[in-house]
Amino acid sequence: MASQYNPQDIEEKWQKHWEKIGIHRADNDSKKPKFYSLVMFPYPSGDLHMGHMRVYTISDVISRRMRMLGHNVLNPMGWDAFGLPAENAAIKHSKHPEKWTKENIRFMRDEQLKKLGTSYDWQREVTTCDQDYYGWTQWLFLKFFNKGLAVRKEAAVNWCPDCHTVLANEQVEDGACWRHPETRVEQKKMSQWFLKITDYSEELLKDLDTLTGWPEPVRIMQQNWIGKSTGAELRFVVESKPNVQISVFTTRPDTVFGVSYVVLAPENPLVQELTTADRLEAVNKYIDDTLHKTELERMSTEKSKSGVPIGSFVLNPFNGDVVPIWVADYVLMNYGTGAVMGVPAHDDRDFQFAKQHNLPIKEVISKDGQASPELKEAYTESGKMINSAAFNGLDSETAKEKMTDWAADHACGSKRVQWRLRDWLISRQRYWGCPIPLVHCESCGIVPVKEADIPVKLPIEGVVITGQGGSPLSSDESFLKTPCPSCGKEASRETDTMDTFIDSSWYFLRYADASNKEEAFSRAAVDYWMPVDQYVGGVEHAILHLLYSRFFTKACRDVGLLKASEPFENLLSQGMVTKFSAQSGRIEKMSKSRGNVVGTTDFFKRYGADSARLFTLFAAPPEQELEWSEEGAIGQYRFLGRIWRIVSELIENGVVAPFDGDVNQEKLDASGKAFHKLVHKTIKAVTHDLNRGRYIFNTAIARCMELVNGMYKYAQELSGKSVEGNGNGKTEKPVGDQPNTLAPRGEKLSQEERDLFSFAVKSLLLVLSPMAPHITEELWQRVGYIKKEGDSIHITAWPAFTDALTIDDEIELVLQVNGKIVNKVAAQRGLEKTVAEGLALNDEKVKSKIDGQSIRKVIVVPDKLVNIVI
RNA sequence: GCCUUUGUAGCAGAACGGUAUAUGCAGCUGUCUCAAAAACAGCAGUUUGAAGGUUCGAAUCCUUCCGGAGGCACCA
């Protein structure tokens, strides 16, 4: 009898063996076509669970299959190892962040990722908190600095009181810190370092169109984030102070004849300048009130539109109307010019505001060019111009341009493009990050550290992390004091560290050349590997990491470091893994805090990594959510057990042996032919499902299951024949001392039947091997394919299929009358249309349905159906 | 409020505008067993969220509505 399938006996053995023979190493100099397969590297938080494993499994299957297709595959792994949790853990366990991080990395690498059976090239491992990584991060920063892409500006920035640091706009969600949804960020005015991502706004937007290998939703999210709006800047002269103008940005210059007021943001300095004495008290009170509102209160669209007039008026340059200036908090200081023109008739917010404060509503555009008796709501579409003097009758889209031109001609406005994207704030007042390599010198100002003096090392010894009172770097004299690189006088280092998103914005470049001691990466290496052919990661990075990395790639290109303009050619956003949580009583994202995690170690021990891999691939298509189910996962274990049993018995019974050739189809009986076709159909289907960009693993596995089911059936049929010739579909009772076997005995079969089994087993193992790498390798060896040390199923060529053998000769022809199915008949494939039609018209059931009525039309779909319309 | 996405047996999921259901889980029956488990063999189940429309023919395309998921949100 065959031995029991026991993953523990085989998985670790092969993992070690693969590492030893080095089949996962990428070659920087190869004749094969390159394939760069990348998965978003993890933050080493300590313990991965089954939910995390999904992304690594998906990416690994893609990598393994591309190797079998003859590619030189780069499949690297590393650690996004700087960040706040290390500091928090340090405070909690009084363990240095570096120690904590390194311990986590060891566990996650050796006990989790390796035991999943991933095929990484560990020689290229990168750890962002290592000097030989962050030194190059600093080096890149200096390149950007020298190119004017890194600048220091005073700005209102987001401060998270929990993290004790500032955050970039992208890291604030609903007015709260992305790490602490319960913590409201505060606005502080600070002088900080920024990377000028806005220099690339236009290109970042435009190139989204070239990213056809990205999911549409991600592209749309980036597009919205960049937020380009085209319109005009119009200038309104203040009536009482003709030398002062209020600039407004509008996307609707065509509505300018409908302006009935102008609004300033409370923070706009013009408010102070233009408020008249009699309004001063009211205006100051209003501003004071708004400043005490939370960001959320201010942003709420539900609430009414508050505001007060400031007493001054402006002149509408188009028609000379004198309209009041108001201050209102629905206008934001940090977008556009901090002032808007109020056109109640054609903007929802302005309409609401005007209704509330009894301001005139003047219609200047209507659908048909006719004025409406009374507007019940703002008309925000385009239409025909009315009440707009010389522009009357024009289509409003045309008027937009003409009126902008008019404004330019009369020196009261111009065309303007406004972006939502802001510069990337990268300073962090934290310890566990990459030090910004700059020096503040009293005489020379801000001076970059010399390239030769990089890395600026993060002090490790004697650092005390309390989480209070600023970064430990600012109180570490040995770090702080340094001679000025320019004049040599005593100066002090910048104590801010960089946002950790910088570390992850270029790690994929370092993988290309990870052990380079001279440069961050060699031009030849990155130009060879970049762009990444297939990136896999969670959709939570749709904006943050993916936008930053795109920016970094373009900036590196412009600094002359590489050729590529876009880092990631194809992107797969896998769905999250969920599980029922007893805490909440709901199905939720698998996470520690929700108490619904499934650990890896225990599962690997009981059912093996192959079962875990198969389940996560099988239970849902990759981009959809996946609900973890213990029963479902065990089902995959059962499936692997079925493969193990049948293949083992076929080997033991002398049926299956190494096979390299074609099965002689002619010498097989009907069920042999059918099974032979099933094998070819399976190869075709799995090949198709795993093809680049498709990656529908769930159906691929289902096809493998069909093949295994077919193999059982065929084996049983042949063993029935070989025992007693009983073909009734029931399992034979053991006869005498003969055990109850699944597989026939080899000597009872013909050569062709044995070949067929050998071919079927070989094909099954090959197409399943990227998904279940251990069991397939073990059985591959047991069949006898591994002859010398370097052999492996994983570097064997992907199997081919014969298309002719994937097509059935006989088909079932569906006969319809008026689109309703009346009968199904067996027919030869490839019937002439007229023959098929005749077949249908002569069918008894069809005839009785037609019942002598006249036929209006006959539709024939070849090899599918005939529809008779009466 | 706007945008994206999704709704198919009890559950997870298949299905170029052409037979609604591959595959797994759960369920039921049988073989084996003293019995059970395991294994093996087999069975059953929905008319595709709802209503319209286009079509010879709609799960698939269009419209409206209902439900789920995600994103954006006084961005002028």
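A note on names: the letters A, B, ... follow the listed sequences, proteins ahead of strands, and every chain is numbered from 1.
In this pair, Tyr379(A) and His346(A) present their aromatic rings perpendicular. The plane angle is above 60°, beyond the 30 to 60° band. Using the six-membered ring where Trp is involved, Tyr607(A) and Tyr637(A) have ring planes that are perpendicular, over 60° apart on the 30 and 60° scheme.
When the side-chain nitrogen and oxygen atoms of Lys857(A) are compared with OP1 and OP2 of rC56(B), one or more of them lie within a distance under 4.0 Å. Regarding contacts with the backbone of rG13(B), every side-chain N or O of Thr699(A) stays at 4.0 angstrom or more from both OP1 and OP2. At the phosphate of rC40(B), OP1 or OP2 sits under 4.0 Å from a side-chain N or O atom of Arg645(A).
Distance noted for atom C1' between rG10(B) and rG17(B): 30 Å (whole Å).
Straight-line distance from the CD1 atom of Ile701(A) to the C1' atom of rA12(B): 13 Å, rounded to whole Å. Here the P atom of nucleotide rG1(B) and the CD atom of Gln352(A) are 13 Å apart, to the nearest Å. Atom CG of Leu815(A) is separated from atom C1' of rG57(B) by 15 Å (rounded to the nearest Å). Distance CD (Glu631(A)) to P (rA38(B)): 13 Å, rounded to an integer number of Å. The nearest whole Å value for the distance from the CG atom in Leu626(A) to the C1' atom in rG13(B) is 11 Å. Rounded to an integer number of Å, the gap from Lys820(A) NZ to rU47(B) C1' is 13 Å. Rounded to an integer number of Å, the gap from Ile220(A) CD1 to rA73(B) P is 15 Å. Rounded to an integer number of Å, the gap from Asp348(A) CG to rC2(B) C1' is 11 Å.
Within 4.0 Å (heavy atoms only), Arg642(A) reaches sugar-phosphate atoms of the nucleic acid but no base atom.
Each of rG57(B), rA22(B), rA14(B) was ranked by its minimum atom distance to the side chain of Asn698(A); first place goes to rA14(B). If you check rG24(B), rA41(B), rU19(B) against the side chain of Gln716(A), the one that comes closest is rA41(B).
Applying the 3.5 Å distance criterion, the base of rU19(B) shares a donor-acceptor pair with the side chain of Glu812(A).
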